[in-house]
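Read through the structure below, which is laid out as structure tokens, and then see the notes.
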Amino acid sequence: MQPNINSMTRKELEKLKANVDKALTRVEKTEMKEALAAAEKAAKAHGFSLAEITGGGAPAAKTIIKKTKTTKKPSPPKYANPADKTQTWSGKGRQPEWFKAAMASGKTPDDVAI
């Protein structure tokens, strides 16, 4: 019996997803063990051990290397709102509304520079 995913709630779908993920992990481990056993059997049929062919012990389980995310320092502010000095802008990205308003009123970027 297949579940009708169109009528399931978010919570039910998340539980189903977690169960599928667990099942996939279990199947992957089983398939990996079977592949290793088949490779050892094939190596033995040719008179070698798998360790001799691979140049070491049995191949290690799949290793996942996660890239560490480097955090960038925010750019220092170059401009400040003349009406509220706590509002600043680095000059990068979208212009804040207060900067646009200042430019529209005839000020130059040097007028609002820090």
Practice problem: Only counting residues at least two apart or in another chain, list the ones meeting side chain to side chain contact (heavy atoms under 4.5 Å, CB included) with Asn6. | Solution: Asn4
Quiz item: Residues two or more places apart in sequence or in another chain: which of them pass side chain to side chain donor-acceptor pair (under 3.5 Å) with Thr71?
Solution: none
Quiz item: With sequence neighbours left out, which residue pairs that include part of residues 95-114 fulfil the ring-ring contact (aromatic ring centres under 6.0 Å, His included) condition?
Solution: Tyr79-Phe99, Trp89-Phe99
Quiz item: Quick one: CG on Leu36 to CD on Glu40, what's the gap to the nearest 0.5 Å?
Solution: 4.0 Å
Quiz item: Is any NZ, NE, NH1 or NH2 atom of the basic residue among Glu14 and Arg10 found under 4.0 Å from an Asp or Glu carboxylate oxygen of the other?
Solution: yes
Practice problem: Starting at NZ of Lys17, measure out to CG of Asn19 and round the result to the nearest 0.5 Å. | Solution: 12.0 Å
Quiz item: About how many Å separate CE of Met103 and OG1 of Thr108, when rounded to the nearest 0.5 Å?
Solution: 6.5 Å
Quiz item: What residues form a side chain to side chain donor-acceptor pair (under 3.5 Å) with Ser7, not counting sequence neighbours?
Solution: none
Practice problem: Could you tell me which non-hydrogen atom of Lys100 sits nearest to which non-hydrogen atom of Gln95, and how far apart they are? | Solution: CE-O, 3.4 Å
Exercise. Might you confirm whether atom CD1 of Ile5 has over 12 heavy atoms from other residues, nucleotides or ligands at distances under 6.0 Å?
Key: no
Quiz item: Which heavy atom in Lys78 sits nearest to a heavy atom in Ser90, and how many Å separate them?
Solution: CD-O, 3.3 Å
Exercise. Mind listing the closest non-hydrogen atom pair of Glu52 and Gly47 along with its distance?
Key: OE1-O, 4.4 Å
Practice problem: Would you list the pairs meeting ring-ring contact (aromatic ring centres under 6.0 Å, His included) in which at least one residue belongs to residues 6-54, sequence neighbours left out? | Solution: none
Exercise. Flag yes if Met8 and Val20 sit in one hydrophobic cluster, no otherwise; membership is Ile, Leu, Val, Met, Phe, Trp, Tyr, and two members link when side-chain heavy atoms are under 4.5 Å apart.
Key: yes
Self-check item: Lys29 vs Arg26 side-chain heavy atoms within contact, under 4.5 Å
Solution: no
Self-check item: With sequence neighbours excluded, residues passing side chain to side chain contact (heavy atoms under 4.5 Å, CB included) with Val27
Solution: Glu31
Quiz item: Looking only at heavy atoms, which two atoms of Ala43 and Leu50 are closest? And how far apart?
Solution: CB-N, 3.9 Å
Quiz item: Is the shortest distance from a Lys or Arg side-chain nitrogen in Glu12 or Lys15 to a carboxylate oxygen in the other one below 4.0 Å?
Solution: no
